[in-house]
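First the structure, in the form of structure tokens, and then the observations on it.
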4 protein chains.
Amino acid sequence: MEPKPSGRRELTKAQNRETILAAARQVFAQLGLAGATVRDVIRATPLASGTFYNYFKSKEEVYQALRDEVALRLRPRLREARAGADSAETFLAQSFRAFFQFVAENHQPSAEPERLRMDSPEVLAGFAELKQDIEEAQARGVLPPADAASLTAALVGVAFELAERIKAGADVEEMTLFATQLFLGGMNALSKA
Amino acid sequence: MEPKPSGRRELTKAQNRETILAAARQVFAQLGLAGATVRDVIRATPLASGTFYNYFKSKEEVYQALRDEVALRLRPRLREARAGADSAETFLAQSFRAFFQFVAENHQPSAEPERLRMDSPEVLAGFAELKQDIEEAQARGVLPPADAASLTAALVGVAFELAERIKAGADVEEMTLFATQLFLGGMNALSKA
Amino acid sequence: MEPKPSGRRELTKAQNRETILAAARQVFAQLGLAGATVRDVIRATPLASGTFYNYFKSKEEVYQALRDEVALRLRPRLREARAGADSAETFLAQSFRAFFQFVAENHQPSAEPERLRMDSPEVLAGFAELKQDIEEAQARGVLPPADAASLTAALVGVAFELAERIKAGADVEEMTLFATQLFLGGMNALSKA
Amino acid sequence: MEPKPSGRRELTKAQNRETILAAARQVFAQLGLAGATVRDVIRATPLASGTFYNYFKSKEEVYQALRDEVALRLRPRLREARAGADSAETFLAQSFRAFFQFVAENHQPSAEPERLRMDSPEVLAGFAELKQDIEEAQARGVLPPADAASLTAALVGVAFELAERIKAGADVEEMTLFATQLFLGGMNALSKA
DNA sequence: TATGAATGAGGCTTCATTCAT
DNA sequence: AATGAATGAAGCCTCATTCAT
């Protein structure tokens with residue numbers, strides 16, 4: 001009498017997971033991770049409270065999934081941006097542009113300026129990847145030599161901080177140009193020291 | 001509802017406030033702002049629960065006091081560092097060194113790498129001050145011209161990100177040198193563009 | 001934060017609501033509304049503290065539910081009592097008797113002689129109904145003319161005050177007779193004035 | 001070196017007590033006895049919290065003092081009203097008029113329609129006094145015979161209930177006339193039964 | 001006496017989580 | 001798998017009251 005559990009069920013499962021993630025995205029943006037509760041997330045959903053636990057063990061797990069999702073969407077774009085780089089300038093400019101564009105597309109005005117925490121496996125992997133790409137580029141002579149770890153940190157720092165200006169309305173190209181020239185000149189100076 | 005005989009009267013008001021702040025510093029470091037509760041803070045204190053509310057209205061208020069306190073100790077050191085600068089190199093080197101030294105002295109190992117939120121009035125004022133000093137240094141010819149807002153953001157981003165390396169054990173002088181040269185070369189390039 | 005295995009599932013929702021109301025009735029009678037706390041009510045129940053909030057938002061809401069419940073049981077009896085009245089005497093006697101009987105049946109010895117507050121919608125509706133019935137009875141000539149609002153107030157005042165004597169052990173019939181004659185004679189006098 | 005504790009001190013003491021009572025009157029009117037706290041009363045005062053306990057042991061004690069104060073001001077007026085009564089009509093009319101006038105003068109618009117509780121010694125004494133006066137008046141032939149206890153209850157009930165109408169703006173003389181005639185006719189009927 | 005900070009019991013409520021349906 | 005009522009630990013905070021000054 002029951003219809004056979006076709007693809008319909010699978011779809012529902014995936015949909016429920018997405019429903020929860022979407023609600024969490026919104027709730028975290030409004031309330032911050034600290035302020036949000038599992039209840040808040042559930043309430044922003046047509047689902048029942050128990051259903052949440054079929055998909056996630058805790059608020060933190062959802063948060064983590066959200067961060068990974070971001071990294072998952074961002075990393076390929078960054079990798080691609082760096083892939084075709086045959087000069088320091090293209091390496092930098094394409095990387096910054098890709099990041100700033102992503103920020104511009106995805107940022108949602110949030111009551112909580114909660115800075116993205118960057119300790120999830122996916123995000124850390126993205127950083128490691130960047131460091132590795134820098135080292136390779138240095139080896140290929142595309143980037144001048146300099147301590148890769150510090151350089152990675154500096155790039156990340158500048159990127160995140162200028163991203164705040166993007167969120168506040170600054171122009172993507174302008175920020176890209178600024179960051180690119182800063183690092184072009186800076187790396188040049190570092191390699192001569 | 002009956003108070004106990006006490007004896008806690010030996011502690012002055014200011015001392016109690018300090019006691020709470022110290023406990024909060026430790027608790028937030030261990031649990032993070034999100035994870036910590038007012039109860040946790042009180043428990044890390046010899047005081048009674050009600051006493052907390054004689055000094056702070058909420059966890060957030062303590063947190064804010066803590067951030068302001070940091071800014072209050074850091075700002076004079078940064079101002080002083082920049083005050084005597086008669087060249088771009090000294091401006092940058094002394095600023096970075098002061099900041100990195102402060103981080104090295106004050107950082108406590110924390111389970112939560114929770115990045116300092118930078119939206120407290122004191123911290124924001126520190127940023128505004130930096131931007132203004134940069135503009136003045138540019139006017140005096142000490143720093144080459146470039147968009148001061150973006151430059152401030154970039155300096156802050158690099159400083160905070162390299163500070164993480166300091167916390168992880170990196171050398172203050174090394175980081176100072178790296179950052180200084182990065183920006184010396186970078187600003188030079190920017191001013192020529 | 002771990003719920004215990006339960007077993008409480010045998011009680012239906014409606015039963016739980018009744019359980020809380022019954023406990024509240026008892027607790028309010030003993031401690032008075034002012035003195036009672038939500039905790040007291042919960043403690044007089046086999047339920048968990050959180051369960052209370054599945055049914056009522058506050059102590060006041062329970063109190064209100066209790067008052068309405070009383071009015072809900074009393075009003076039909078009073079209406080019925082007045083319905084068949086074809087003379088002033090039956091109108092009054094049956095009304096007072098119904099009320100005094102209700103009080104005698106339902107009163108529980110209470111530490112707090114807290115007078116029933118009469119501002120709940122249900123109770124007010126009961127008063128309005130009485131006033132209307134009085135006006136109709138006056139129109140039909142069953143009751144002599146007199147200011148209906150004042151008359152209602154007077155009837156209510158006498159009924160409530162004599163109810164105290166009932167609670168203290170006075171006889172229902174005796175009080176009914178007293179009140180009936182008082183108003184028979186009184187209304188007569190008023191209609192002549 | 002200290003000025004001798006003249007009458008100044010006595011004045012202050014009495015003033016403080018009055019200050020607290022006045023604050024309590026207001027606070028109870030706004031918040032109701034149940035809702036008001038000692039803190040609320042203190043806050044409505046320029047005094048320190050500890051000072052409260054030099055004058056009263058608890059919120060209830062203040063409340064009781066307030067009720068007694070009312071009874072203390074009302075009783076003499078009622079006694080006087082009845083003193084000169086040489087007929088049932090004057091006995092009733094002067095009593096009701098005195099009471100309604102007192103209500104009209106003293107009532108303050110209150111968020112809480114909290115009915116005056118009538119179990120304080122002072123208030124009960126007032127009732128006993130009334131009952132006694134009624135019995136005396138019956139003995140003198142001024143009032144017709146009827147069960148004095150029930151009659152007292154009925155008078156009180158009507159008086160309090162019509163007082164609500166006074167608070168709502170009804171006219172003192174009108175209510176006095178209504179109540180007087182009701183009881184004149186009513187007692188007459190009762191004495192004949 | 002007056003003050004007001006300290007106390008800690010205990011009020012109110014929400015929370016994460018389970019589990020019978 | 002989905003539901004949602006029940007649970008009770010534990011959060012938040014206010015309260016009455018004391019007592020050193």
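Order of the sequence lines sets the chain letters (A, B, ...), proteins ahead of strands, with each chain counted from 1.
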Q.
From CG of L47(B) over to P of dC13(F), roughly how many Å is that when rounded to an integer?
A. 17 Å
Q: May I ask which nucleotide in the shown strands pairs with dA10(F), Watson-Crick or G-U wobble, both distances under 3.5 Å?
A: dT13(E)
(Q) Please classify the nucleic acid contact of K57(D) as base, sugar-phosphate, or nothing, using heavy-atom distances under 4.0 Å. (A) sugar-phosphate
Q) dT17(E) P sits how many Å from K59(A) NZ, rounded? A) 10 Å
Q) Between D40(C) and Q30(C), does a side-chain contact (heavy atoms from CB on, under 4.5 Å) hold up when you go through it step by step? A) CA-CA 11 Å; D40(C) 292 327; Q30(C) 255 168 20; over 6 Å; no
Q: For dA2(F), take OP1 and OP2 only and decide whether either is under 4.0 Å from a side-chain N or O of N16(A).
A: yes
(Q) In this structure, how many angstroms lie between the C1' atom of dA2(E) and the CD1 atom of I20(D), rounded? (A) 11 Å
Q. When you measure from the side chain of T51(A), which nucleotide among dT3(F), dT13(E), dT3(E) comes out closest?
A. dT3(F)
Q | From dA2(E), dG4(F), dA2(F), nucleotide with atom closest to N54(D) side chain | A | dA2(E)
(Q) So, does Y55(D) get its side chain near the phosphate of dA2(E), meaning an N or O under 4.0 Å from OP1 or OP2? (A) yes
Q | Atom-to-atom span, CG of L31(C) to P of dG11(E) - whole angstrom | A | 10 Å
Q.
Let's test this: given Watson-Crick or G-U wobble pairing with both distances under 3.5 Å, identify the partner of dT18(F).
A. dA5(E)
Q) Roughly how many Å is it from CD in Q15(B) to P in dA5(E), rounded to a whole number? A) 16 Å
Q | D40(D) CG - dT17(F) C1' separation (whole Å) | A | 16 Å
(Q) Closest-nucleotide mapping onto DNA chain E: is Y53(C) or F52(B) further toward the 5' terminus? I mean the 5' end. (A) F52(B)
Q. R39(A) has an atom CZ; how far is it from atom C1' of dC15(E), in whole Å?
A. 6 Å
(Q) Any base atoms under 4.0 Å from R43(B), or only sugar-phosphate, or nothing? Heavy atoms, all strands. (A) sugar-phosphate
Q. side-chain contact (heavy atoms from CB on, under 4.5 Å) with V27(D): which of T37(D), V41(D), V38(D), L33(D)?
A. V41(D)
Q: Report the C-alpha distance between V62(A) and L21(A) in whole Å, list the side-chain angles of each, state the deciding distance to 0.1 Å, and finish with yes or no for side-chain contact (heavy atoms from CB on, under 4.5 Å).
A: CA-CA 7 Å; V62(A) 187; L21(A) 283 173; 3.9 Å; yes
Q) Between the base of dA5(F) and the side chain of S49(A), is there any donor-acceptor pair under 3.5 Å? A) yes
Q: Rounded to the nearest angstrom, tell me the gap between atom CD1 in I42(D) and atom P in dA2(E).
A: 13 Å
Q) Looking only at heavy atoms, which two atoms of T45(C) and A23(C) are closest? And how far apart? A) OG1-CB, 3.6 Å
Q. So, the side chain of D68(D) versus the backbone of A65(D): is there a donor-acceptor pair under 3.5 Å, distance only?
A. no
